[in-house]
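The structure that follows is given in the form of structure tokens.
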Amino acid sequence: MSWHVLGAGSLGSLWACRLFRADVPVQLVLRDPQRLAAYRQKGGLTLVEQGHSQLYPIPASHLQDSAPIERLLLTCKAYDAAEAIAAVADRLAPGAEVLLLQNGLGSQDEVAQLLPGRRCLPASSTEGAFRDGDWRVVFAGQGHTWIGDPLDATPPGWLNDLQRSQIPHTWSPDILSRLWRKLALNCAINPLTVLHDCRNGELVRYHEQIDALCGELAQLLSGCGQAEAATDLQQDVWRVIEATAANYSSMYQDVAAGRRTEISYLLGYACAAAERAEVQLPQLKALHLRLQEHLDGHGLPRY
Ligand code: NAD
Ligand code: KPL
């Protein structure tokens, strides 16, 4: 049974290359025949690891192809996930499984609503990859991926494929708790790095602001039935800031490169969830507004 990778960007290419070189059947699903032609001209995907690059001639097709899909890895951005899934929904076999690698929260539900009866498995990853050219991906940071299914704690058999491909992962029956925790970390760190134009480590200058945000985010998690994800949040935020001190956050990098951010699936989702749970979070709301204004000022979408 072949893996299909929809969203052949940074993370999708990293996964596809590792599956392919472990002889796990995998193919890319590209947007249209033009992208497919451009890909074929390059002869495959190039993975750069520790300065060494290797070309992998991974098979590919395009969205309009009609062959059925049994196992799909969705690796586009959160704001593209629903549209991308809608374009392949009629190709998904009745028992198809879909692994969702989007950051933040909200896109997983959007996708699941489009796929009634299909198993959707959200994942949360700390691996780092970026593209340094068309059809080229750099594996920039070792990390780990947690995978789960909020509706079914039974691990899928295909985790063996990931083992074989040396993709570090853990089956995580509490995946929602992990996603909420990651969302809280990203909400506490990423927007402020954008607004203060700084690396993660420079956030030590805004200690009080971060501590106040952590307090509100912990209230949010508890109010949304995720009390466990709130445990020691503040200490964890400072641990991550220290561990990634020299890095620019992913949101900072998106804004600096003039790319759309995933704000709606991070702060936007957090603020909407707070409203639904009737939790008052004035600092978080103000931060969301300031970030939206900042994005307006840079000509980037505010959602
Ligand atoms: P990316 O922009 O590099 O790749 C997304 C790809 O999806 C692009 O190639 C885009 O053309 C493609 N795409 C979008 N809509 C499509 C459609 N309808 N049909 C076909 N292709 C489509 O993004 P990324 O950095 O790989 O991030 C993907 C997700 O993973 C994001 O939610 C991100 O936050 C998360 N993530 C990324 C990293 C990382 O290091 N890159 C790490 C952890 C989590
Ligand atoms: O995940 C991150 C990101 O930059 O998106 C970290 C490093 C945790 C900062 O929030």
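Values reported hereafter were calculated over all heavy atoms of this structure, with side chains retained and with hydrogens, waters and symmetry mates removed. Remember, it's 1-based here, ligands and their atoms both numbered in the order they're listed.
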Original post:
Going by the order shown, which atoms of ligand 1 are within less than 4.0 Å of some heavy atom of G128?
Top reply: 40 (O)
Subject >> Protein heavy atom at shortest distance from atom 23 (O) of ligand 1 >> reply: K77 CE, 3.5 Å
**OP:** Establish, from distance only, whether the side-chain atoms of N200 and S249 form a donor-acceptor pair under 3.5 Å.
**Re:** no
Original post:
Is it the case that Y265 and E110 place a side-chain donor and acceptor less than 3.5 Å from each other?
Top reply: yes
**OP:** Name the closest protein heavy atom to atom 44 (C) of ligand 1, giving the residue it belongs to and the distance to 0.1 Å.
**Re:** L11 CD2, 3.8 Å
Original post:
Do any N or O atoms from the side chain of Q292 and from the backbone of R302 form a donor-acceptor pair under 3.5 angstrom?
Top reply: yes
Original post:
Do any nitrogen or oxygen atoms of S249 come within less than 3.5 Å of a nitrogen or oxygen of ligand 2?
Top reply: no
**OP:** Please round to the nearest 0.5 Å and tell me the distance separating atom OG of S2 and atom CD1 of I69.
**Re:** 9.0 Å
Original post:
Which heavy atom of the protein is the closest neighbour of atom 4 (O) of ligand 1, given with residue, atom name and distance?
Top reply: G9 CA, 3.2 Å
Subject >> Nitrogen or oxygen atoms of N186 and ligand 2 under 3.5 Å apart >> reply: yes
**OP:** Please check if any side-chain donor atom of W146 sits under 3.5 Å from a side-chain acceptor atom of D174, or the reverse.
**Re:** no
Subject >> Flag for Q64-D32: side-chain donor and acceptor within less than 3.5 Å >> reply: no
**OP:** For A84, counting its heavy atoms only, list the atoms of ligand 1 lying under 4.0 Å from any of them.
**Re:** 17 (C), 18 (N)
Subject >> Atoms of ligand 1 close to E127 [distance to a heavy atom under 4.0 angstrom, numbered from 1] >> reply: 40 (O), 42 (C), 43 (C)
Subject >> Ion pair E83/R31, N-O distance below 4.0 Å >> reply: no
Original post:
Side-chain donor-acceptor pair under 3.5 Å between W3 and E70, yes or no?
Top reply: no
Original post:
How would you list all residue pairs meeting salt bridge (Lys or Arg N to Asp or Glu O under 4.0 Å) that involve residues 269-283, not counting sequence neighbours?
Top reply: none
**OP:** Provide, to 0.1 Å, the distance between atom 7 (O) of ligand 1 and the closest protein heavy atom, together with that atom's residue and name.
**Re:** G7 CA, 3.2 Å
**OP:** Please list all pairs passing the salt bridge (Lys or Arg N to Asp or Glu O under 4.0 Å) test where one or both residues lie in residues 150-170, with sequence neighbours left out.
**Re:** R71-D161, R119-D152
Subject >> Minimum non-hydrogen distance to atom 29 (C) of ligand 1, winning option of A82, C76, A8 >> reply: C76
**OP:** Name the closest protein heavy atom to atom 28 (C) of ligand 1, giving the residue it belongs to and the distance to 0.1 Å.
**Re:** T75 O, 3.4 Å
Original post:
Which atoms of ligand 2 sit under 4.0 Å from any heavy atom of K182?
Top reply: 1 (O)
**OP:** Please say whether Q102 places an N or O atom under 3.5 Å from an N or O atom belonging to ligand 1.
**Re:** no
**OP:** Would you kindly check if the NZ (Lys) or CZ (Arg) of R18 is within the cone defined by 45 degrees around the ring axis of Y56 and under 6.0 Å from the six-membered ring centre?
**Re:** no
**OP:** Using a strict cut-off of 4.0 Å, indicate which atoms of ligand 2 neighbour a heavy atom of I189.
**Re:** 9 (C), 10 (O)
Original post:
Are any of the N or O atoms of N190 closer than 3.5 Å to those of ligand 2?
Top reply: yes
Subject >> Check: S125 N/O within less than 3.5 Å of ligand 1 N/O >> reply: no
**OP:** Name the closest protein heavy atom to atom 20 (C) of ligand 1, giving the residue it belongs to and the distance to 0.1 Å.
**Re:** L6 CD1, 3.5 Å
Original post:
In the protein, which heavy atom is nearest to atom 30 (O) of ligand 1, and how far is it?
Top reply: L101 O, 3.2 Å
Original post:
With backbone taken as N, CA, C and O and side chain as the heavy atoms from C-beta onward, which portion of L63 lies under 4.0 Å from ligand 1: side chain, backbone, both, or neither?
Top reply: side chain
Subject >> Distance-only side-chain donor-acceptor flag, H196 / Q209, under 3.5 Å >> reply: yes
Original post:
Between T170 and H144, do the side chains contain an N or O donor and an N or O acceptor separated by less than 3.5 Å?
Top reply: yes
Original post:
In the protein, which heavy atom is nearest to atom 4 (O) of ligand 2, and how far is it?
Top reply: S250 N, 2.8 Å
Original post:
Out of curiosity, is M251 lining ligand 2, as in a heavy atom under 4.0 Å away?
Top reply: no
**OP:** From the options R31, R131, E83, select the one whose nearest heavy atom is closest to atom 15 (N) of ligand 1.
**Re:** R31
Original post:
Taking atom 41 (N) of ligand 1 as the point of reference, which of S107, A129, A81 owns the nearest heavy atom?
Top reply: A129
Original post:
To the nearest 0.5 Å, how far apart are CG in D197 and NE2 in H294?
Top reply: 7.5 Å
Original post:
Nearest protein heavy-atom contact for atom 8 (C) of ligand 2: which residue, which atom, what distance?
Top reply: V240 CG1, 3.6 Å
Subject >> Those atoms of ligand 1 less than 4.0 Å from some heavy atom in D80 >> reply: 14 (C), 15 (N)
Subject >> Under 3.5 Å side-chain donor-acceptor pair for Y79 and R260 >> reply: no
Subject >> Residue, atom name and distance, where the atom is the protein heavy atom closest to atom 32 (O) of ligand 1 >> reply: E262 OE2, 2.7 Å
